[in-house]
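Proteins get letters first, then strands, A, B, ... in listed order; numbering begins at 1 in each. It should be emphasised that the depicted structure is a prediction, and the values quoted were computed from it without experimental measurement.
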Number of protein chains: 2
Amino acid sequence: MRDSHGAERARPATLKDVASLAGVSIATVSKALNGREHVRAETRARVQAAAEKLSFQPNVLAKGLLAGRTGTVGLLASDLDGRFSIPVMMGAEDAFGAGSTSVFLCDARGDSIREQHHLRALLSRRIDGLIVVGDTTNPRETLGRDMPVPVVYAYAPSTDPEDISVVSDNVGAGRIAADHMLDCGRSRIAYISGDVSYHAARDRVEGATAALAARGLNLVGGEALYGAWTEGWGRGAVRTLLSRNPDLDGILCGSDQIARGALDALREAGRDVPGDIAVMGHDNWEQIAAQSRPPLSTIDMRLEEVGRLAAELLFTAIDGDYRVGTHSVATRLVTRGSTALAG
Amino acid sequence: MRDSHGAERARPATLKDVASLAGVSIATVSKALNGREHVRAETRARVQAAAEKLSFQPNVLAKGLLAGRTGTVGLLASDLDGRFSIPVMMGAEDAFGAGSTSVFLCDARGDSIREQHHLRALLSRRIDGLIVVGDTTNPRETLGRDMPVPVVYAYAPSTDPEDISVVSDNVGAGRIAADHMLDCGRSRIAYISGDVSYHAARDRVEGATAALAARGLNLVGGEALYGAWTEGWGRGAVRTLLSRNPDLDGILCGSDQIARGALDALREAGRDVPGDIAVMGHDNWEQIAAQSRPPLSTIDMRLEEVGRLAAELLFTAIDGDYRVGTHSVATRLVTRGSTALAG
DNA sequence: CTGAAAGCGCTTACAG
DNA sequence: CTGAAAGCGCTTACAG
């Protein structure tokens, strides 16, 4: 049986094969199959039948050689093991969608040698453009202005303001989360954030602080608690908060993992969520948010929309229209059981 | 500044450009750059300098047109939002590695229309071979025997035994987990499994049962408890077990999420892990295993090794050597705090 | 050692 | 309406 896979594998059909089967020239086949005019209907039908019979698939490489475009864009990610670049890629794929553009995905795993390697591989395959997805929300080094194809930076913006970047609106996310707490009738609200070195952490806090200020309120304790993006930090921070501010009635968290830890610590301290204290996360990480007790209200960054917008901006750039600057995608509130109107 | 990105973008240099700068023919440039013999050292140096100066990158598409090989393989995944296909891809990338092969990743998201679309896109780009990564460990429908390029199925084997498949050894994983429990001095061991419709669930239980039988033991309760791949199920199952078999001293779980739920329920029931009861997961999902209390001992499926082996088998298949059948990758024990010698 | 020519699979003016 | 020819960027015998 081995040979059924090997020796018999047919060389893919070419225009020439179709032409000789249909009894016409390869030029005519090309025109017929590409819907060009000036081909008799009967001829076109005959060509199509021949192509069908031979399972003819045009060689996109040969096409690209002529057209100068390959219908392929690269997506250079740094955190595939993380969960951010995947939705971005899906959004980009959707935007290129039914069209004839394909996405060529590589992961540099935070290694700049590997990044260079992939970049070279992509460019030598003559991609039409490139989307670079960062591994955090912090700005990343630009690839420079002398790239042979347009580049769009997604999730992490480029350090060069003359590049095209697409990010999630973290300030807005903080505002939306805080407003939701206020809408639930909470007023003594604390913020447990992640690693202070992340722009995103500070931006979310900034948005929340502004939303509270708009109603004349401050964060409980005066400012956010910064720590790590882990459940362990969420648990520890809650214990600190409960001893210092036993009367708090809402906790905003910088990530779903932090919120998950917070929920566990609150339950173990005998506090009721959401009756006593409401809790919000950030990320809408399904596996975490849906499995916590109670299920977690959170902010969805709409990463697929980030990818979709990046793809659109890349497309217009390929067509020569460079919309440089940082484009921001609005986030979305997702309510589950951990927030509710105060009794 | 917009124009600095647009109008000035240089057409990539071609052999012709290098040839005229170096003052030789394009044939000579090709030979010089590809290390062919019969080129004078001085000429080669001059060509290399010219290529360097123009940042010449050979057009891989044009090369592929000649060679019949493109140096690109496709990887068709179904669960990118999941966490299984990414490590498989990384392993495959490593295997193709420093060489000149690139991986073209697409995600069908469990949609067969999309799968066909991607398949067509990949084939029209003349990939040299294809790796298909399933979304579960259950066998998946073969793509058939008349594919124009070799195909290797990874994680989920193909339904056709004459295809080439690479899977994780689930029976062995169950055995390793149970043996570890036994090595920790446990003898009253229960098994909380996931969805019974998954082959992997049953295979892991089978391996564990066999390992216990080898020492004359049975699972507590006589058989495994099947449910869902969730924390919620892990919690519920533990409560059931504790009421029926209060003296159990070890719990094997079908996944890290189930184990995470089990740990939470045990702690809330006042049982000490690992002193009183040892717990094992499966998957080595870092985010879950490292954050649970205590950190979770578990089984690593070595998915990167699955990807690496799939890539190697694909390579040998491209060279005409079809090693059909299902190849199995051994799993690995990872010990953290949730297992220890019984006091 | 170097270069002219043919050809990979396709498209596109240009003749007929 | 149809086809012969040139050309996209490259490599590979084959002459010189």
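The interatomic distance linking R126(B) (CZ) with dG9(C) (P) rounds to 9 Å, in whole Å. Across the protein-nucleic acid pair, K16(A) atom NZ and dG3(D) atom P stand 16 Å apart, rounded to whole Å. Remark: C1' of dA6(D) and CG of L65(A) are 14 Å apart, rounded to the nearest angstrom. Taking atom CG on L66(B) and atom P on dC10(D), their separation rounds to 10 Å, with Å as the unit.
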Only Watson-Crick and G-U wobble pairs with both distances less than 3.5 Å should count. Give DNA chain C in dot-bracket notation, marking inter-strand partners with |. |||.||||||||.|||

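There is a side-chain donor-acceptor pair under 3.5 Å between D163(A) and S158(A). Side-chain N/O atoms of T159(A) and R140(A) include no donor and acceptor closer than 3.5 Å. No side-chain N or O of S78(A) forms a donor-acceptor pair with one of D135(A) less than 3.5 Å apart.
Atom P of dG9(C) sits at a distance of 25 Å from the matching atom of dT2(D), rounded to the whole Å.
In this structure, K63(A) reaches the dT11(C) phosphate: one of its side-chain N or O atoms is under 4.0 Å from OP1 or OP2. Not one side-chain nitrogen or oxygen of T14(B) sits closer than 4.0 Å to the OP1 or OP2 atom of dG9(D).
Side-chain atoms of R125(A) come within 3.5 Å of backbone N or O of G71(B) as a donor-acceptor pair.
Legend: ring-ring contact (aromatic ring centres under 6.0 Å, His included) pairs involving residues 131-160 of chain B, not counting sequence neighbours, sorted by first then second residue: F84(B)-Y155(B).
The shortest side-chain heavy-atom distance between V18(A) and T14(A) does not fall under the 4.5 Å cut-off.
Position along DNA chain C of the nearest nucleotide to S25(B) versus L15(A) favours S25(B) as the more 5'-ward residue.
Looking at D319(A) and R69(A), a side-chain N of the basic residue comes within less than 4.0 Å of a carboxylate O on the acidic one, giving a salt bridge.
Here the CZ-CG distance, from R126(A) to L61(A), works out to 12.0 Å after rounding to the nearest 0.5 Å.
Within residues 26-55 of chain A, the residues that have a heavy atom under 4.0 Å from DNA chain D are, in order of number, A27(A), T28(A), K31(A), H38(A), V39(A), R40(A), T43(A).
Just one of V132(B), D107(B), L143(B) meets the side-chain contact (heavy atoms from CB on, under 4.5 Å) condition when paired with E115(B); it is L143(B).
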